[in-house]
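These notes concern the structure reproduced below.
These numbers come from the heavy atoms of this one structure, side chains and all, not from hydrogens, waters or symmetry mates. Numbering of residues begins at 1 and proceeds along the displayed sequence.
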Amino acid sequence: MFSTALENLDLGAKGLWFPIIVSIALFLTLCFIPKQKMNMAEIYIIFCIVAFVTWLSDGIVLRVFDLIDLGDPDKPGLGDILSYTFIPPSMACIFLCFLDSRNKWILVVLFTAISFLIEVGMESTGYMDTKNWFKYATLIFYLITFAFLLPLQLKIIRQR
């Protein structure tokens, strides 16, 4: 049983080091940055919601339409777990910790670029395969997420 679990972690996946390093770096950044614009409850809620939406979109959009593969497509490896559980939620919370009306568009562009560079890094290291679909479409998704969805989500949470 333990050997099966260990095998399913896909520890031999090409480029696995990239999502591990990015996940750890982003999570540690989130832990140590100043949290003057968000409290811990808001960070917790945003982190959980973004992680849930990321896993849900993996299950529906990416698996059903088979748009990308991370590591071995037949195994839910360690890189998949880290990539979905820590990278998007950490990015979202770090973005919102620095967001205010004066720097919104600078941060939107910066975090869109960082997100895209992480995606390109995962592809370059061989961990992610986008199966030749139009990967620049994700730039639009990142822009919409950082410019509208995350600020709206925080606004809704604060109205409770």
Side-chain angles (χ1 to χ4, degrees), residues 10 13-30 33 35 37-38 42-74 76-159:
D10 196 19
K14 181 179 180 186
L16 177 62
W17 61 271
F18 189 81
I20 291 172
I21 289 172
V22 171
S23 298
I24 291 170
L26 287 174
F27 189 71
L28 288 175
T29 300
L30 177 60
I33 61 170
K35 294 164 186 71
K37 300 200 184 344
M38 289 178 69
E42 292 167 340
I43 290 172
Y44 178 77
I45 293 167
I46 295 284
F47 196 96
C48 291
I49 290 171
V50 172
F52 172 74
V53 169
T54 304
W55 277 101
L56 184 65
S57 67
D58 170 62
I60 295 172
V61 176
L62 302 178
R63 301 252 184 233
V64 172
F65 295 108
D66 198 26
L67 295 175
I68 68 168
D69 287 329
L70 297 179
D72 182 341
D74 298 323
L78 178 64
D80 296 42
I81 294 166
L82 294 174
S83 295
Y84 296 137
T85 307
F86 291 103
I87 295 175
S90 296
M91 288 286 291
C93 291
I94 293 167
F95 169 78
L96 290 171
C97 280
F98 289 108
L99 181 67
D100 63 33
S101 59
R102 295 172 304 186
N103 67 4
K104 178 181 179 176
W105 289 104
I106 292 169
L107 287 178
V108 166
V109 170
L110 177 65
F111 276 78
T112 296
I114 292 169
S115 298
F116 187 70
L117 287 174
I118 291 170
E119 183 178 325
V120 168
M122 289 181 75
E123 246 186 306
S124 298
T125 60
Y127 189 71
M128 182 171 73
D129 177 22
T130 58
K131 299 186 177 185
N132 298 320
W133 66 283
F134 188 60
K135 73 177 177 182
Y136 297 105
T138 59
L139 284 171
I140 297 166
F141 169 77
Y142 295 140
L143 280 169
I144 291 169
T145 300
F146 289 116
F148 305 109
L149 297 178
L150 290 174
L152 177 62
Q153 186 178 5
L154 185 59
K155 183 178 179 181
I156 291 168
I157 290 167
R158 288 181 172 164
Q159 290 177 350

(message) According to salt bridge (charged side-chain N to carboxylate O under 4.0 Å, His left out), does anything in residues 136-150 pair up with another residue at least two apart or in another chain? List the pairs.
(response) none
Pairs of donor and acceptor atoms involving the side chains of residues 107-116, under 3.5 Å and at least two apart or interchain, shall be tabulated with distances.
{"residue": "T112", "atom": "OG1", "partner": "V108", "partner atom": "O", "Å": "2.7"}
{"residue": "S115", "atom": "OG", "partner": "F111", "partner atom": "O", "Å": "2.8"}

(request) Considering non-hydrogen atoms only, spot the tightest contact between V50 and A92 and give its length. (result) CG2-CB, 3.9 Å
(request) For D69, enumerate each residue passing the side-chain hydrogen bond (donor to acceptor under 3.5 Å, both in side chains) test, keeping only those at least two apart in sequence or located in another chain. (result) K131
(message) My understanding is that only residues two or more places apart in sequence, or in another chain, count here; which of them pass side-chain contact (heavy atoms from CB on, under 4.5 Å) with L28?
(response) I24, F32
(request) Using the test side-chain contact (heavy atoms from CB on, under 4.5 Å), find all partners of V22 that sit at least two apart in sequence or belong to another chain. (result) F18, L26, I87, I118
(request) Could you tell me which residues satisfy side-chain contact (heavy atoms from CB on, under 4.5 Å) with T29, sequence neighbours excluded, listed by chain and number? (result) I33, I94
(request) Could you note down all residue pairs passing salt bridge (charged side-chain N to carboxylate O under 4.0 Å, His left out) where residues 101-111 supplies at least one of them, sequence neighbours left out? (result) D100-R102
(message) Let me confirm one number: the CZ-CG distance from F98 to N103, rounded to the nearest 0.5 Å.
(response) 9.5 Å
(message) Test of understanding: with ring-ring contact (aromatic ring centres under 6.0 Å, His included), list the residues that count as partners of F86, not counting sequence neighbours.
(response) F27
(request) State, to 0.1 Å, how close P19 and S83 come at their nearest heavy-atom pair, and which atoms those are. (result) CB-OG, 3.4 Å
(request) State which residues pass side-chain contact (heavy atoms from CB on, under 4.5 Å) with A13; sequence neighbours excluded, sorted by chain then number. (result) D10, L16, Y127
(message) What's the separation between atom CD1 in I43 and atom SG in C48, rounded to the nearest 0.5 Å?
(response) 11.5 Å
(request) Hey, could you give me each pair passing salt bridge (charged side-chain N to carboxylate O under 4.0 Å, His left out) that has a residue in residues 77-97? Not counting sequence neighbours. (result) R63-D80
Which donor-acceptor pairs under 3.5 Å do side chains of residues 141-158 form with protein atoms, sequence neighbours excluded?
{"residue": "Y142", "atom": "OH", "partner": "E119", "partner atom": "OE1", "Å": "2.7"}
{"residue": "T145", "atom": "OG1", "partner": "F141", "partner atom": "O", "Å": "2.8"}
{"residue": "R158", "atom": "NE", "partner": "E42", "partner atom": "OE2", "Å": "2.8"}
{"residue": "R158", "atom": "NH2", "partner": "K37", "partner atom": "O", "Å": "2.3"}
{"residue": "R158", "atom": "NH2", "partner": "E42", "partner atom": "OE1", "Å": "3.2"}

(message) Suppose the criterion is side chain to side chain donor-acceptor pair (under 3.5 Å): which pairs have a residue in residues 85-94, not counting sequence neighbours?
(response) W55-T85
(request) Would you give the length of the straight line joining atom CG of L30 to atom CD1 of I46, rounded to the nearest 0.5 angstrom? (result) 11.5 Å
